[in-house]
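To start, the structure itself, in structure tokens.
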Amino acid sequence: MSTLEIKDLHVSIETEQGTKPILKGVDLTVKTGETHAIMGPNGSGKSTLASTIAGHPRYKVDSGSITLDGDDVLAMTVDERARAGLFLAMQYPVEVPGVTMTNFLRSAKTALDGEAPRLRTWTKDVKSAMSQLKIEEDFASRNVNEGFSGGEKKRIEILQMELFKPRFAVLDETDSGLDIDALKVVSEGVNRAQDTGTMGTMLITHYTRILRYIKPDFVHVFVDGRIAEEGGPELADRLEDEGYDRFASAETATA
């Protein structure tokens with residue numbers, strides 16, 4: 001079992017108005033085999049947490065720590081974090097003109113493992129994963145995300161996750177822009193990876209609809225850069241009924 005541990009994490013960004021604190025003391029522990037839903041209103045710090053874990057240079061860690069089985073994640077480069085087993089499914093996947101999906105996937109897998117996968121086995125794995133995610137075969141010869149719809153880009157993110165087999169996957173609003181059919185397909189992909197018991201998942205979302213298909217073990221509510229409340233799946237049900245207004249009211253009262 002592996003553990004991703006975040007302790008008293010404070011993160012800021014530089015803006016035209018000066019330094020802006022985003023995360024204000026986040027504590028969170030995720031183990032392989034667990035699914036954690038990270039919920040909260042817009043601007044609460046959820047995506048900042050995801051980007052900080054992945055190593056986005058825009059975000060400055062002012063204090064606190066992120067460790068993976070005791071190793072200092074913050075001291076790692078972005079590629080070192082990926083090789084250590086961290087994976088980010090981006091909220092807005094980027095297009096990579098001139099690089100085919102086939103070349104991208106095999107090159108990334110080679111970089112992660114330190115050796116190229118056996119071609120026959122790899123081709124079979126890619127075709128199988130694409131089929132399960134209902135991705136047409138011709139996508140393999142297309143450039144990465146170029147001309148893809150929002151839903152297609154999200155499926156490609158989950159394809160990468162299934163093929164790369166990370167220890168921890170951070171899914172940043174993977175449900176955003178998905179219709180009900182695509183949501184089910186993407187959720188099934190996450191569940192397949194999670195069911196292996198070798199991956200921990202941080203599922204960042206505004207809404208509870210994806211939690212009908214991906215059942216969280218823990219729910220954490222982010223408000224103003226902090227975890228305002230934690231609980232089990234029942235907390236998501238409560239959010240469905242009550243929304244985030246009660247947290248906003250509490251923040252206003254303590255301001």
Task: Minimum side-chain heavy-atom gap P216-L211 below 4.5 Å - done: yes
TODO: Output yes when a side-chain donor or acceptor of Q17 lies under 3.5 Å from a complementary backbone atom of T15, and no otherwise.
DONE: no
Open item on the list: As an exercise, state the distance from CD1 of I6 to CG of L23, rounded to the nearest 0.5 Å.
Closed with: 9.0 Å
TODO: Would you mind reporting whether R209 and L178 have side-chain heavy atoms less than 4.5 Å apart?
DONE: yes
- [ ] Find out whether L163 and K109 are in side-chain contact, i.e. whether some heavy atom of one side chain is under 4.5 Å from a heavy atom of the other.
- [x] no
Task: Pair R238 + E229: basic N to acidic O under 4.0 Å - done: yes
Open item on the list: Checking the side chain of E162 only, and the main-chain atoms of A193 only, is there a donor and an acceptor separated by less than 3.5 Å?
Closed with: no
Open item on the list: How long is the straight-line distance from CG of L133 back to CD of E152, given to the nearest 0.5 Å?
Closed with: 12.5 Å
TODO: Might you work through the side-chain contact (heavy atoms from CB on, under 4.5 Å) test for T19 and E14, ending with a clear yes or no?
DONE: CA-CA 5 Å; T19 302; E14 293 299 325; 2.6 Å; yes
TODO: Please examine the side chains of L105 and F164, heavy atoms only from C-beta on, and report whether any two atoms are closer than 4.5 Å.
DONE: yes
Open item on the list: Please find the pair of heavy atoms, one from S141 and one from D138, that lie closest to each other, and give the distance.
Closed with: OG-O, 3.0 Å
Open item on the list: Please identify which of these residues, L203, I210, L171, meets the side chain to side chain contact (heavy atoms under 4.5 Å, CB included) condition with V190.
Closed with: L171
- [ ] Evaluate the side-chain proximity of F222 to I204: yes if any heavy-atom separation is below 4.5 Å, no if none is.
- [x] no
- [ ] May I ask you to check whether over 12 heavy atoms, not counting those of E115, lie within 6.0 Å of atom CD?
- [x] no
Open item on the list: Check D69 with R167, please: is the shortest side-chain N to carboxylate O separation under 4.0 Å?
Closed with: yes
Task: Shortest non-hydrogen separation from Y213 to N191 and the atoms involved - done: O-ND2, 2.8 Å
TODO: Identify the two heavy atoms, one from A169 and one from M199, that lie closest to each other, and give their separation to 0.1 Å.
DONE: CB-SD, 3.8 Å
- [ ] Report whether L159 and L119 are members of the same hydrophobic cluster (ILVMFWY, side-chain heavy atoms less than 4.5 Å apart, transitive linking).
- [x] no
Open item on the list: Grouping I, L, V, M, F, W and Y whenever their side-chain heavy atoms are under 4.5 Å apart, do V26 and I13 come out in a common cluster?
Closed with: yes
TODO: Give the cluster check for I156 versus V99: same hydrophobic cluster or not, with ILVMFWY residues linked at side-chain heavy-atom distances below 4.5 Å.
DONE: yes
Could you pull out all donor-acceptor pairs under 3.5 Å where a side-chain atom in residues 33-58 meets a protein atom, sequence neighbours excluded?
from: E34; atom 1: OE1; to: K31; atom 2: N; distance (Å): 3.0
from: E34; atom 1: OE1; to: H36; atom 2: NE2; distance (Å): 2.8
from: H36; atom 1: ND1; to: H220; atom 2: NE2; distance (Å): 2.8
from: N42; atom 1: OD1; to: H206; atom 2: NE2; distance (Å): 2.7
from: S44; atom 1: OG; to: P41; atom 2: O; distance (Å): 2.8
from: S44; atom 1: OG; to: K46; atom 2: NZ; distance (Å): 3.4
from: K46; atom 1: NZ; to: G40; atom 2: O; distance (Å): 3.0
from: K46; atom 1: NZ; to: P41; atom 2: O; distance (Å): 3.1
from: S47; atom 1: OG; to: Q91; atom 2: OE1; distance (Å): 3.2
from: S47; atom 1: OG; to: D172; atom 2: OD1; distance (Å): 3.0
from: S47; atom 1: OG; to: D172; atom 2: OD2; distance (Å): 3.1
from: S51; atom 1: OG; to: S47; atom 2: O; distance (Å): 3.2
from: T52; atom 1: OG1; to: T48; atom 2: O; distance (Å): 2.7
from: H56; atom 1: ND1; to: R58; atom 2: N; distance (Å): 3.0

Task: Sole residue of L86, T201, L88 in side chain to side chain contact (heavy atoms under 4.5 Å, CB included) with F168 - done: L86
Open item on the list: If I take atom CD from residue Q160 and atom CE from residue M101, how far apart are they, to the nearest 0.5 angstrom?
Closed with: 6.0 Å
Open item on the list: Which heavy atom of K154 sits nearest to which heavy atom of P93, and what is that distance?
Closed with: CE-CD, 4.1 Å
- [ ] Report yes or no: do M76 and V78 belong to one cluster of Ile/Leu/Val/Met/Phe/Trp/Tyr joined by side chain heavy-atom distances under 4.5 Å?
- [x] no
TODO: Locate the shortest heavy-atom distance separating N143 from F148; write the atom from each residue and the value.
DONE: O-CZ, 3.6 Å
TODO: First locate atom CD of E188, then atom CD1 of I214, and finally report the distance between them rounded to the nearest 0.5 Å.
DONE: 10.0 Å
Task: Passing candidate, side chain to side chain contact (heavy atoms under 4.5 Å, CB included) with D27, options R226, K7, E5 - done: K7
Open item on the list: For K165, is the NZ atom crowded, meaning more than 12 foreign heavy atoms sit under 6.0 Å from it?
Closed with: no
Open item on the list: Using 0.5 Å steps for rounding, measure from the CG atom of L9 to the CG atom of D62.
Closed with: 9.0 Å
Open item on the list: Walk me through whether K153 and E157 qualify under side-chain contact (heavy atoms from CB on, under 4.5 Å).
Closed with: CA-CA 6 Å; K153 289 179 179 180; E157 293 285 283; 5.7 Å; no
Open item on the list: For residues M202 and L74: do they belong to one hydrophobic cluster (side chain heavy atoms under 4.5 Å, members Ile, Leu, Val, Met, Phe, Trp, Tyr)?
Closed with: yes
Open item on the list: Would you say that R155 contacts V186 through its side chain, given a criterion of any heavy-atom pair below 4.5 Å between the two side chains?
Closed with: yes
Open item on the list: For E242, is the CD atom crowded, meaning more than 12 foreign heavy atoms sit under 6.0 Å from it?
Closed with: yes
TODO: Provide the closest heavy-atom pair for A228 versus V223 in the form atom of the first, atom of the second, distance.
DONE: CB-CG2, 3.9 Å
TODO: Show your working on side-chain hydrogen bond (donor to acceptor under 3.5 Å, both in side chains) between T198 and T196 and close with a plain yes or no.
DONE: CA-CA 5 Å; T198 60; T196 64; 2.9 Å; yes
Open item on the list: Any non-hydrogen side-chain atom of N145 less than 4.5 Å from a side-chain atom of V96?
Closed with: no
Open item on the list: Can you confirm whether K124 sits close enough to K127 that some side-chain heavy atom of one is under 4.5 Å from a side-chain heavy atom of the other?
Closed with: no
Open item on the list: To the closest 0.5 Å, what do you measure between CD (E173) and OH (Y207)?
Closed with: 8.0 Å
